[in-house]
Amino acid sequence: MPRAFYARPTVVAALDLLGKVLAHETPEGVAAGKIVEVEAYLETDPASHAFRGKTQRTKILWGKPGFAYVYLNYGMYYCLNIATEKSGVAGCVLIRAIEPVTGLPLMQARRKTTNLLNLTSGPGKVTQALGITVEQYGADMTRGNLVVFGSEENSEIVVTTRIGLSKAEKAPLRFFLKGNRFVSHPNRATRFFEGSLEEVRERLQLELETIR
DNA sequence: GTCCTGATCCTCT
DNA sequence: GAGGATCAGGACG
């Protein structure tokens, strides 16, 4: 997807990322999957790494959109985010789950499991399966080896709270494809509402006025 | 299925 | 020096 795709409000970009294909090419081969679950992190959001202001690690979130923000979580798992919003505004989308499309044997080898449903159903699993590490920090995702490209699919979207936050966060900023078996923790979070892309976007627009 | 724990290390205070 | 945007595996029902 082009830079302009990411240079939009984080929630809008996050919703549009659902159904797109995330691909990573390495010397080992290509691994790719359809994005089925994401979370939005906003500048004015206590749960966002951007909330406490720019640091060496997080300054990229204020930079140009479409670049990868990768960080090590809990000392052992990497999380992949894509920077959003125009330059000067922080925001990113966390890729939480994909549905395997290409490079299944490679992903299974990296994950050390053949169980399809356990391959990419979580942010740490996605990066492991695709071979994404801190090396991809700052990668331009509008071109190169780590990219997102379009697909036609359009299904119902479910809106919930985000997963695993210690700070009490009740914002409707996690989105996933309804009924998709590759979503992580389908029932753990508080469910707000669901609907088509258009319906969800409209309803969130109302909610967002109180968030932003 | 649910709940709980341990692993492990970078980042910011 | 504390605290994570997590995961796997075990206990238990």
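These numbers were taken from a predicted model, which means no experiment stands behind them. In what follows, chains are A, B, ... by sequence order, proteins preceding strands, each numbered from 1.
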(request) Run the salt-bridge test on Glu99(A) and Arg181(A) with the 4.0 Å N-O cut-off and return the result as yes or no. (result)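 The answer is no: the pair does not qualify as a salt bridge.
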Salt bridge (charged side-chain N to carboxylate O under 4.0 Å, His left out) pairs, two or more places apart, involving [range]:
range: residues 53-78 of chain A; answer: none
range: residues 114-141 of chain A; answer: Arg3(A)-Asp140(A), Asp140(A)-Arg143(A)
range: residues 155-166 of chain A; answer: Asp45(A)-Arg162(A), Arg162(A)-Glu169(A)

(message) Would Arg96(A) and Phe176(A) count as a cation-pi pair here, with the cationic atom under 6.0 angstrom from the ring centre and within 45° of the axis?
(response)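 No, Arg96(A) does not lie over the aromatic ring of Phe176(A).
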What does [X] touch in the nucleic acid at a heavy-atom separation under 4.0 angstrom: a base, only the sugar-phosphate, or nothing?
X: Arg111(A); result: sugar-phosphate
X: Arg57(A); result: sugar-phosphate
X: Asn81(A); result: base

(request) Decide if the gap between the ring center of His49(A) and the ring center of Tyr71(A) is smaller than 6.0 angstrom. (result)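 Yes, close enough.
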(request) Among Ile, Leu, Val, Met, Phe, Trp and Tyr joined by side-chain contacts under 4.5 Å, find the other residues sharing a cluster with Val147(A) and list them by chain and number. (result)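 In the cluster with Val147(A) are Val21(A), Phe149(A).
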(request) Quick one: name the residues clustered hydrophobically with Val30(A), using the 4.5 Å side-chain heavy-atom rule over I, L, V, M, F, W, Y, and just say none if it's on its own. (result)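 Val30(A) clusters with nothing; isolated.
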(message) Reading DNA chain C in the 5' to 3' direction, which nucleotide is the first one with an atom under 4.0 Å from a heavy atom of chain A, and which is the last?
(response)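 Nucleotide range with atoms under 4.0 Å of chain A: dG4(C) to dA8(C).
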(request) Would you kindly compare Gln128(A) and Gly164(A) by the position of their nearest DNA chain C nucleotide and give the one closer to the 5′ end? (result)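 By nearest-heavy-atom nucleotide position, the 5'-most residue is Gly164(A).
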Examine the side chains of [X] and [Y] and answer whether a donor and an acceptor come within less than 3.5 Å of each other.
X: Glu85(A); Y: Trp62(A); value: no
X: Gln128(A); Y: Arg111(A); value: yes
X: Arg110(A); Y: Thr127(A); value: no

(message) Please identify the 5'-most and 3'-most nucleotides of DNA chain B with any atom under 4.0 angstrom from a heavy atom of chain A.
(response)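 On DNA chain B, the outermost contacted nucleotides are dA7(B) to dC12(B).
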(request) Please round to the nearest 0.5 Å and tell me the distance separating atom CG of Leu165(A) and atom NZ of Lys170(A). (result)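 Those atoms lie 13.5 Å apart.
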(request) Kindly compute the distance separating CZ (Phe193(A)) from CD1 (Ile157(A)), expressed to the nearest 0.5 Å. (result)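 Going from CZ on Phe193(A) over to CD1 on Ile157(A), the span is 10.0 Å.
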(message) What residues from residues 93-108 of chain A pass a heavy-atom cutoff of under 4.0 Å to DNA chain C?
(response)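 DNA chain C contact set from residues 93-108 of chain A: Leu94(A), Arg96(A).
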(request) For DNA chain B, find the residues of residues 58-79 of chain A with a heavy-atom distance under 4.0 Å and give them by number; none if there aren't any. (result)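 Contacts with DNA chain B under 4.0 Å: Leu72(A), Tyr74(A), Gly75(A), Met76(A).
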(message) Going by the rule side chain to side chain contact (heavy atoms under 4.5 Å, CB included), which residues pair with Asn187(A) if we only count those two or more places apart in sequence or in a different chain?
(response)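 Asn187(A): side chain to side chain contact (heavy atoms under 4.5 Å, CB included) contacts with Arg191(A).
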(request) Output every pair passing ring pair (Phe, Tyr, Trp, His ring centres under 6.0 Å) with a member in residues 72-117 of chain A, not counting sequence neighbours, ordered by first then second residue. (result)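 Every pair satisfying ring pair (Phe, Tyr, Trp, His ring centres under 6.0 Å) with a residue in residues 72-117 of chain A: there are none.
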(message) Run through DNA chain C and report every stem of 3 or more consecutive Watson-Crick or G-U pairs, distances under 3.5 Å, ordered by first number.
(response)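 For DNA chain C the paired stretches long enough to count as stems (3 pairs minimum) are B:1-7 with C:6-12, B:9-12 with C:1-4.
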